[in-house]
Amino acid sequence: MIKAVIFDLDDTLISEREYIASGYKYISNLLGQKYNKDEKHLYQLLMKLFNESPKNVFNRLLDEVGITYTQNEIIALVKEYRNHLPKIEFFGDVYPCLDVLKEKGIKTGIITDGYANAQRQKLKAVDANGHFEEIIVTDELGREFWKPHPKAFEIMKEKFKVEFNEMVYVGDNPGKDFYIGSIYPINTVRIDRGGVYKNSIYLKNIHENRSVHGLNEILLFLKEEAHGVILKNPLFS
């Protein structure tokens with residue numbers, strides 16, 4: 001019987017692109033004021049450069065608009081970006097899904113990678129602590145414990161006092177979110193929202209997992225199966 005559903009954060013519960021857009025608007029405002037530039041134009045350039053390649057976007061922006069800079073100034077911009085309080089929201093299907101899970105007594109948590117200060121700001125922006133019982137930011141455990149390392153799942157198991165086969169993990173990134181299923185008998189579900197990792201290939205030899213496009217599909221999925229196997233004790237009676 002499933003007793004806990006754990007979620008990834010980026011492109012599972014919130015839109016990574018929405019977060020990036022929020023950060024770029026914030027940086028555009030800072031640069032616009034500092035250099036007397038049109039912040040709307042700076043924002044449009046940032047999004048254009050990101051869509052071309054996500055690497056060194058701030059460097060490339062400043063090069064394009066003719067602003068000289070030092071590496072320390074780039075580091076400061078990255079810090080500002082990560083520390084900003086983003087204007088983001090949960091995807092629309094998150095609250096209804098959580099309501100159903102809580103009605104059924106299913107515990108809910110989050111395991112998320114990424115720089116700790118940035119992830120905590122995202123979590124703060126959507127009041128995640130008010131909606132999930134446990135949240136683990138893997139960066140706070142140490143960079144070596146980012147997924148696919150199993151440590152966060154082991155901690156969540158102990159916090160929830162459940163067995164691994166009573167847990168479901170919902171994520172989006174084939175490169176790291178589902179390898180846990182080859183280590184422990186944790187059921188995994190991939191949600192495909194067409195996000196940043198929509199074209200990712202499977203970087204690990206993982207168990208086959210179900211792919212869904214919304215959390216309402218996950219509720220239906222949990223009634224009957226996990227990893228393509230019919231649950232002996234379905235979630236809902």
Side-chain angles (χ1 to χ4, degrees), residues 1-14 16 91 94 97-98 101 106-116 118-120 122-123 128 131-193 195-215 217-235:
M1 182 176 183
I2 301 303
K3 296 182 178 179
V5 178
I6 317 302
F7 297 87
D8 171 52
L9 180 63
D10 300 311
D11 281 333
T12 298
L13 298 175
I14 64 170
E16 180 69 2
F91 286 114
V94 173
C97 179
L98 292 178
L101 293 176
I106 307 299
K107 297 176 180 179
T108 59
I110 295 173
I111 295 176
T112 179
D113 288 345
Y115 294 98
Q119 297 309 101
R120 284 296 175 187
K122 295 175 188 177
L123 293 164
H131 300 286
F132 292 85
E133 295 164 72
E134 295 289 346
I135 297 175
I136 297 175
V137 177
T138 56
D139 198 44
E140 294 173 347
L141 304 175
R143 193 63 48 83
E144 68 272 26
F145 296 118
W146 284 28
K147 294 174 289 182
H149 197 284
K151 185 176 181 66
F153 296 91
E154 295 165 352
I155 293 172
M156 195 67 78
K157 172 183 179 293
E158 295 304 313
K159 285 179 175 290
F160 280 155
K161 301 186 186 306
V162 298
E163 299 301 322
F164 286 122
N165 62 2
E166 296 172 327
M167 297 169 59
V168 172
Y169 187 67
V170 182
D172 73 295
N173 186 345
K176 61 180 180 177
D177 280 336
F178 313 116
Y179 185 63
I180 190 64
S182 66
I183 301 175
Y184 295 122
I186 295 174
N187 305 306
T188 61
V189 180
R190 184 189 184 198
I191 188 164
D192 181 2
R193 298 190 187 272
V196 173
Y197 298 105
K198 65 180 179 179
N199 296 320
S200 293
I201 60 172
Y202 282 72
L203 302 180
K204 297 287 185 179
N205 181 23
I206 63 174
H207 288 106
E208 182 180 356
N209 64 289
R210 176 70 173 267
S211 180
V212 300
H213 296 281
L215 297 188
E217 293 180 64
I218 288 172
L219 295 175
L220 294 173
F221 166 67
L222 291 175
K223 291 181 181 180
E224 300 176 349
E225 60 180 336
H227 280 309
V229 178
I230 302 300
L231 294 175
K232 294 181 180 178
N233 298 298
L235 178 62

Requested in this report: Go through L215 and F91 one step at a time and tell me if the side chain to side chain contact (heavy atoms under 4.5 Å, CB included) criterion holds.
Outcome: CA-CA 9 Å; L215 297 188; F91 286 114; over 6 Å; no
Report summary line: By ring-ring contact (aromatic ring centres under 6.0 Å, His included), F160 pairs with (sequence neighbours left out) none
Closest non-hydrogen atom pair, [X] against [Y]:
{"X": "D139", "Y": "A116", "value": "OD2-N, 2.9 Å"}
{"X": "A152", "Y": "I136", "value": "O-CD1, 3.4 Å"}
{"X": "I2", "Y": "N165", "value": "CD1-O, 4.0 Å"}
{"X": "V162", "Y": "A4", "value": "CG2-CB, 4.4 Å"}
{"X": "I191", "Y": "D11", "value": "CG2-O, 4.2 Å"}
{"X": "V189", "Y": "F178", "value": "O-CE2, 3.5 Å"}

Requested in this report: Please lay out, stage by stage, how K122 and D10 fare under the test side chain to side chain contact (heavy atoms under 4.5 Å, CB included).
Outcome: CA-CA 9 Å; K122 295 175 188 177; D10 300 311; 2.9 Å; yes
How long is the span from the [atom1] atom in [X] to the [atom2] atom in [Y], to the nearest 0.5 Å?
{"X": "Y115", "Y": "W146", "atom1": "OH", "atom2": "CH2", "value": "5.5 Å"}
{"X": "T188", "Y": "I6", "atom1": "OG1", "atom2": "CD1", "value": "13.0 Å"}
{"X": "E16", "Y": "D172", "atom1": "CD", "atom2": "CG", "value": "9.0 Å"}
{"X": "I180", "Y": "F164", "atom1": "CD1", "atom2": "CZ", "value": "6.5 Å"}
{"X": "Y169", "Y": "D8", "atom1": "OH", "atom2": "CG", "value": "4.0 Å"}
{"X": "E166", "Y": "I106", "atom1": "CD", "atom2": "CD1", "value": "10.0 Å"}

Requested in this report: Please name the residue in the list V5, L9, T108, L123 that meets the side-chain contact (heavy atoms from CB on, under 4.5 Å) test with F132.
Outcome: T108
**Report entry** Pair listing, side-chain hydrogen bond (donor to acceptor under 3.5 Å, both in side chains) test, anchored in residues 148-163, at least two apart
**Finding:** E154-Y184
Query raised in the report: Between R190 and D177, does a side chain to side chain contact (heavy atoms under 4.5 Å, CB included) hold up when you go through it step by step?
Result: CA-CA 8 Å; R190 184 189 184 198; D177 280 336; over 6 Å; no
Requested in this report: May I ask you to decide if T12's main-chain N or O and R193's side chain share a donor-acceptor pair within less than 3.5 Å?
Outcome: yes
Query raised in the report: Can you find a heavy atom in the side chain of T112 that is under 4.5 Å from one in the side chain of L13?
Result: no
Query raised in the report: Is the closest side-chain heavy-atom distance between K147 and F153 below 4.5 Å?
Result: yes
Query - Partner residues of E133 under the salt bridge (Lys or Arg N to Asp or Glu O under 4.0 Å) criterion, sequence neighbours left out - result: none
